[in-house]
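One structure is given below, encoded as structure tokens.
Each ligand, and each atom within it, is numbered from 1 in the order the structure gives. Every heavy atom of this structure was used, including side-chain atoms; hydrogens, water molecules and symmetry mates were not.
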Amino acid sequence: MLIELKDVAKRFGEGSLAVTALDDVQLLIDQGEFVVVLGPSGSGKTTLLNVVGALDAASAGTVRVNGVDITTASRRELFDFRARTVSFIFQSFNLFPGLTAWENVQFGVDAAGSDADPGAVLDSVGLGDNADRFPSELSGGEQQRVAIARALATRNPILLCDEPTGELDFRTGVQILELLQEQAGKGRAVLVVTHNREISRMADRVVELSGGRIVSDGAPRGGKTPVSELNW
Ligand code: ADP
Ligand code: MG
């Protein structure tokens with residue numbers, strides 16, 4: 001298993017002010033899986049991604065990712081893990097505004113020490129003709145494609161996507177999710193967080209969170225639905 005969470009809990013704060021963001025989480029994710037994490041605001045989705053990506057430490061339980069037990073790893077191991085194992089994609093794209101699309105993607109290459117060709121990666125997300133543009137010269141959907149290209153350029157095996165369609169219209173959002181789903185087809189593990197149940201219907205697997213607990217894990221209710229039948 002690429003990702004293995006066992007008895008994971010995450011609490012913020014102490015005593016009567018403590019908030020339980022994750023509780024009794026059990027989760028196994030293999031390479032090649034496209035998993036949508038669905039839940040309302042405050043249900044623990046971002047905390048779950050941050051725990052998997054070693055941006056935050058679990059309060060209890062074990063988290064093994066790509067053979068590394070990140071609950072016991074040294075700082076040095078965690079540093080390597082973040083550079084070489086996980087790539088994050090965010091709601092607000094988080095591109096460098098003063099760098100072109102090509103330069104933003106080259107940043108991903110440098111960060112991970114990969115050998116990817118930024119132009120080829122931009123081509124693969126349909127942005128080959130926009131390599132010299134700055135983020136402000138691109139639409140929201142195009143900016144998110146650059147962010148995905150930057151993540152792919154690392155060649156890291158896990159993509160962690162926190163509400164990647166949150167700032168996009170529904171149609172553009174679904175196109176971005178299809179692009180992410182394609183990456184799972186190429187062997188990566190892709191976790192996509194959303195609060196949009198309609199969008200989750202296109203997934204093979206939906207992990208539903210409520211109050212920090214996984215309340216269901218499996219095919220979407222009503223089965224996997226072709227994107228063309230989603231309602232917007
Ligand atoms: P989601 O991404 O589903 O909206 P989060 O994972 O951000 O949910 O938050 C889950 C719960 O943990 C919420 O109650 C939130 O207020 C709380 N929480 C998240 N981060 C912190 C933090 N750094 N300090 C205190 N509470 C936090
Ligand atoms: Mg969140």
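Which of Gly39, Gly42, Gly13 comes nearest to atom 10 (C) of ligand 1 through a heavy atom is settled by distance: it is Gly42.
Here the protein heavy atom with the shortest distance to atom 7 (O) of ligand 1 is Thr46 CB, 3.8 Å. Regarding atom 3 (O) of ligand 1, its nearest protein heavy-atom neighbour is Lys45 NZ, 2.8 Å. Distance from atom 8 (O) of ligand 1 to its nearest protein heavy atom, with residue and atom name: Gly44 N, 3.2 Å. Phe12 CD1, 3.3 Å is the protein heavy atom nearest to atom 27 (C) of ligand 1.
A salt bridge links Glu208 with Arg197: the closest approach of a Lys/Arg side-chain nitrogen to an acidic carboxylate oxygen falls below 4.0 angstrom.
Under the salt bridge (Lys or Arg N to Asp or Glu O under 4.0 Å) test applied with Lys10, the options Asp23, Asp24, Asp56 reduce to a single match, Asp56.
Proximity of Pro40 to ligand 1 is established by a heavy-atom distance of less than 4.0 Å.
In summary, no N, O or S atom of Ser41 is located under 2.8 Å from the Mg ion (ligand 2).
Proximity of Asn50 to Leu160: side-chain heavy atoms (C-beta onward) are nowhere separated by under 4.5 Å.
Interface atoms of ligand 1 facing Ala21, defined by a heavy-atom separation under 4.0 Å, are 10 (C), 11 (C), 12 (O). Short contacts between ligand 1 and Val19, defined as distances under 4.0 Å to a heavy atom of the residue, involve ligand atoms 12 (O), 14 (O), 17 (C).
For atom 16 (O) of ligand 1, the nearest protein heavy atom is 4.0 Å or more away.
Contact annotation for Thr47 and ligand 1: heavy atoms of both the backbone and the side chain come within less than 4.0 Å of the ligand.
Using a 3.5 Å distance cut-off with no hydrogens or angles, the side chains of Asp132 and Thr100 do not pair a donor with an acceptor. Using modelled atom types, one finds no donor on one side chain facing an acceptor on the other under 3.5 Å when comparing Asn156 with Thr85. Side-chain contact of Ser87 with Thr154: a donor-acceptor pair under 3.5 Å is present, judged by distance alone. A side-chain donor-acceptor contact under 3.5 Å links Asp7 and Gln26.
Here Phe88 and Phe90 bring their ring centres to under 6.0 angstrom of each other.
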